[in-house]
Amino acid sequence: MQLSLPVPELFSFAQNLSYLERSPLEILYTVQNGKVYRAIDAEGTALVVEIGMAADDSALLVRFLGDGPPPGAAVRAAATRYVRRWFDLDTDLRPFDEMAQKDTLLQEPARLYRGLRIAGIPDLFEAISWGILGQQINLPFAYTLKRRLIEQYGRRLEAGNQSYAMFPTPERIAGLSVEELRPLQLSSRKSEYLIHVAQLIGRGELSREGLLAEGDLARMEQALVRIRGIGPWTANYVLMRCLQMPTAFPIADVGLHLALKQALGWDRKPTIPEIRELAGGWSGWEAYATFYMWRLLY
DNA sequence: CTCCAGGTTGCGT
DNA sequence: ACGCAACATGGA
């Protein structure tokens, strides 16, 4: 069973693979021989997908691994949606490319990473959790926390002699107490945040669809920021990585500040007002601009 | 030892 | 509205 998903212009599978391979600490997917593997949840069915590139570079080829029966139409459709969001296949990047070539800060990364897509985190709970875990600590430690959370509370899926990790479901985390998460070395606060978000999602009070129904970015951000543990940074991070909002802009992000400092050759990080000024031309593409700037560092 | 990491909260002016 | 300590841990 193999699906073929045609890719848009300005899509580079090599660039996306290179991004996915950048951290050896990541355990939710693996890259081998030019293909990506991960377990996903498709309409309640867990399955492992293998994603590669067609020989003529025209389409992503998605295969379902495992010993079970071939997935039905609904599951295939859900898996397709997942892959489309993961690789952001539905964005026309040409306007960004045009803008970036004329932008002092972006022209270098736009050339280096041409065809790179914002790596989506299609699952809302995973996206918010990753945002919360990453708050205020260095990235390697954030990965350590994520790994512990996954090993302790996520399920594993076997396929083709391999074992694939899955991020814990909100239902699993919703029933935990702070005392159970603390030993993973999460702060009490972060433990509370995760459990609360898990409960909201588990009860259906928070969902990707519900957020999208808010209409515009400002309202989606408001809805997210009302949740304890989600501030402007996390809200915009989630809007960018999970909801594919091109104008999401985590402007207070330290990584962005460091990337700008480096690109500008300054001996200090730019201030927020300075960043607003520098990002004046990014209008409509703040998320992609941020992602490309990050790529300079990570 | 101090400062900073993909921040946010809650309390104090 | 704005400032600031606290939060947990690791690395420079």
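Chain identifiers are assigned alphabetically (A, B, ...) following the order of the sequence lines, protein sequences preceding nucleic acid strands; residue numbering begins at 1 within each chain.
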Is the shortest side-chain N to carboxylate O distance from A:E192 to A:R182 below 4.0 Å?
->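 No, this pair does not count.
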
Output yes when A:E43 and A:R81 qualify as a salt bridge under the 4.0 Å nitrogen-oxygen rule, no when they do not.
-> yes

Closest to the [X] side chain: [options]?
{"X": "A:R189", "options": "B:dG7, B:dG10, B:dA5", "answer": "B:dG10"}
{"X": "A:P232", "options": "B:dT8, B:dA5, C:dT9", "answer": "B:dT8"}
{"X": "A:S187", "options": "C:dA8, B:dG7, C:dT9", "answer": "C:dA8"}

For [X], which contact category applies under a 4.0 Å heavy-atom criterion: base, sugar-phosphate, or nothing?
{"X": "A:L256", "answer": "nothing"}
{"X": "A:T234", "answer": "sugar-phosphate"}
{"X": "A:I132", "answer": "nothing"}
{"X": "A:R22", "answer": "base"}

If I pick the [atom1] atom on [M] and the same atom on [N], what distance separates them, to the nearest angstrom?
{"N": "C:dA6", "M": "B:dC1", "atom1": "P", "answer": "16 Å"}
{"N": "C:dC2", "M": "B:dA5", "atom1": "P", "answer": "23 Å"}
{"N": "B:dG10", "M": "C:dA8", "atom1": "P", "answer": "14 Å"}

Atom CZ of A:R219: over 12 foreign heavy atoms under 6.0 Å = no

Which residue, A:V225 or A:N138, contacts DNA chain B at a nucleotide closer to its 5' end, judged by nearest heavy atom?
-> A:N138

Start at the 5' end of DNA chain B and walk down; is the nucleotide closest to A:R228 or to A:A252 reached first?
-> A:A252

Once you round it to whole Å, what is the distance between P of B:dC4 and CG of A:L297?
->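 Result: 17 Å.
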
B:dA5 base / A:Q136 side chain donor-acceptor hit below 3.5 Å = yes

Is the centre of the A:F249 ring less than 6.0 Å from the centre of the A:W285 ring?
->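 Not close enough - the centres of the two rings lie 6.0 Å or further apart.
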
is_close_aromatic(A:Y143, A:W130), centroid dist under 6.0 Å =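 When the ring centroids of A:Y143 and A:W130 are compared, they turn out to be within the sub-6.0 Å range.
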
